[in-house]
Amino acid sequence: MKKINMVDLKSQYLNIKEEIDTAIHETIDSMAFINGKQVKEFQAELEKYLNVKHVIPCANGTDALQVALMALDLEPGDEIISPNFTFIATVEVIALLGLKPVLVDVDPNTFTIDINCLEKAITKKTKAIVPVHLYGQCADMESIMNIAKKHNLFVIEDTAQASGTKYTFDNGVTKHAGTIGHIGCTSFFPSKNLACFGDGGAIFTNDDNLAEKQRAIVNHGTKIKYIHESIGINSRLDSIQAAILRVKLRYLNLYNKSRQKAADFYNNAFKAYEKITVPATNPKSTHIYHQYTLKLNNIDRTKFQEYLKFKGIPSMVYYPIPMHLQKAFYDDKYKQGSFPVSENLCSIVLSLPMHTELDNEQLEYITNTIINYIKK
Ligand SMILES: *Cc1c(COP(=O)(O)O)cnc(C)c1O
C-alpha cells in the first residue's frame, strides 16, 4: 500500500508533470514574471469557470480578505461579523484594519455560521458579514443574503476552502461559492482544492466599482502608473503560479469528484457507528471536502490520534482553539463558555486524510483501522 498522507501533492503532480513543467518553462522563457500573459489568461479562465464578472488575482487568501474590506470605505470601529470557528485569517484582517471583529457561533452539524446567532449580533455599527464556507460546503447563503439585504450589509465570502462548490437557491438559481455575496475571497495555498506551488489568492466580484477599487488597492492604490489615489498594498499573483493554476483549473472538477468519492467511501463505512459522526451536508450546497472532518463522541481524541499515527494514518485537528479564546483577539466580553458550539467542536473534531489521490486500498485500510478501534 502507498504511504498515507493527509494531502498527497507529490502524487497529484506526477500525474500531470508534463503539463505543469511545460507551463513553468514557458513562463520562464517569456521572462514576464509579473502580470504576464499567464496571469491575464488565468484570470479570464477563472471568470468563465465561476461565471463571475471580475477576478482580481492577488498574493494570497489573507490579502484577498484584507483588500475586500479595504474597498468598502469603512470607518475604524465598524463591526464585521465572522464565525468563531474558522482559520485565523478571516478574523485577523478585520482586526488589522482597525475594524471590530464580532464573533458568532456556528451550526453544530454543518460547522458554518449559525444564522440565529448572526442576526442577534447585528447592531447599528455592523457593516459586513464574512461567512466562511468551512471544509468545502457553503454556509447558509440564502439566509445570509436575506439578512444582509434587510440590514443593508456587505457580504464577503471566505471561499478559501470551497473552490468549485456550488449553491442552489430556493428559486432554482445555482451559483459558485464566492460569487454569491458582494465579494468572494479565495486562496491558492498548495493544499487548497485549487492550488499552486506557493502562495496565491484571488478576489471575485460582479460589481464593476468594487472591482476597479480592488484592482487599484492590490497595486499600491494605482490606476494610472505613478498616480496614487489611495493607500494600497502590493499583492500580486506571480506568472509562474498563474501558469500552474491554469493547468490545475482544468482538473478542478475531476479533483473535487475524487474527493467526493473518498468522502462517500468514508461515510458508508462509518455511518453505522455511533461513536463517530460523519460530516453533515446542507442540501442546497455541494461539498468538495477540502477537509473530511468527523465528530468524535466519547472518544479520547489524543489517544485515538496516537493509535492512528501508530498505524500509519495521519489525522489533524482543524481547529483546536476557537477565535474568542485566542490571545490575539482578547476581548473582556468573551470568555470560556461564550460560544458553546465552537468550543465543543474544537474538542471533538478530527480530520482524516483527504486528497485527490486516495485509492480504495488506502481507504479500506483507514476505515477498517478506525472501525476496529471504536468497536472495542
Ligand atoms: C487558507 C485560508 C485562508 C488564508 O489563505 P492564505 O492563502 O493562506 O493567506 C483564509 N481563510 C480560510 C478559511 C482558509 O482556509
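One-based numbering, in listed order, for ligands and for the atoms of each.
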Expected output: side-chain H182 to main-chain V155 donor-acceptor under 3.5 Å: yes
Quick check: Y319 and ligand 1, any N/O pair under 3.5 Å apart? no
Among all protein non-hydrogen atoms, which one is nearest to atom 14 (C) of ligand 1, and what is the separation to 0.1 Å? K192 NZ, 3.0 Å
Can you list the atoms of ligand 1 that are under 4.0 Å from a heavy atom of N60? 7 (O), 9 (O)
Aromatic rings H228 and H220: how do their planes relate, parallel, tilted or perpendicular, breaks at 30° and 60°? perpendicular
Name the one of Y292, Y273, Y289 that satisfies ring pair (Phe, Tyr, Trp, His ring centres under 6.0 Å) with Y266? Y292
Polar atom proximity, G61 to ligand 1 (N or O, under 3.5 Å): yes
Option nearest atom 8 (O) of ligand 1 (shortest heavy-atom distance, choices S187, A59, G198): S187
Could you name the option among E92, Q291, Q161 that has the heavy atom nearest to atom 15 (O) of ligand 1? Q161
Where does T62 meet ligand 1, judged by heavy-atom distances below 4.0 Å: at the side chain, the backbone, both, or neither? both
Do the charged groups of E75 and K127 touch, with an N to O distance under 4.0 Å? no
Indicate the ring-plane relationship of H324 and F339, choosing parallel, tilted or perpendicular according to the 30° and 60° boundaries. perpendicular
Side chain or backbone of H290 under 4.0 Å from ligand 1, or both, or neither, by non-hydrogen atoms? neither
Among all protein heavy atoms, pick the one closest to atom 11 (N) of ligand 1 and tell me residue, atom and distance. D158 OD2, 2.8 Å
Qualifying residues under salt bridge (charged side-chain N to carboxylate O under 4.0 Å, His left out), relative to E212, sequence neighbours excluded: K223
May I ask you to check whether N193 and N256 show a side-chain donor-acceptor distance below 3.5 Å? yes
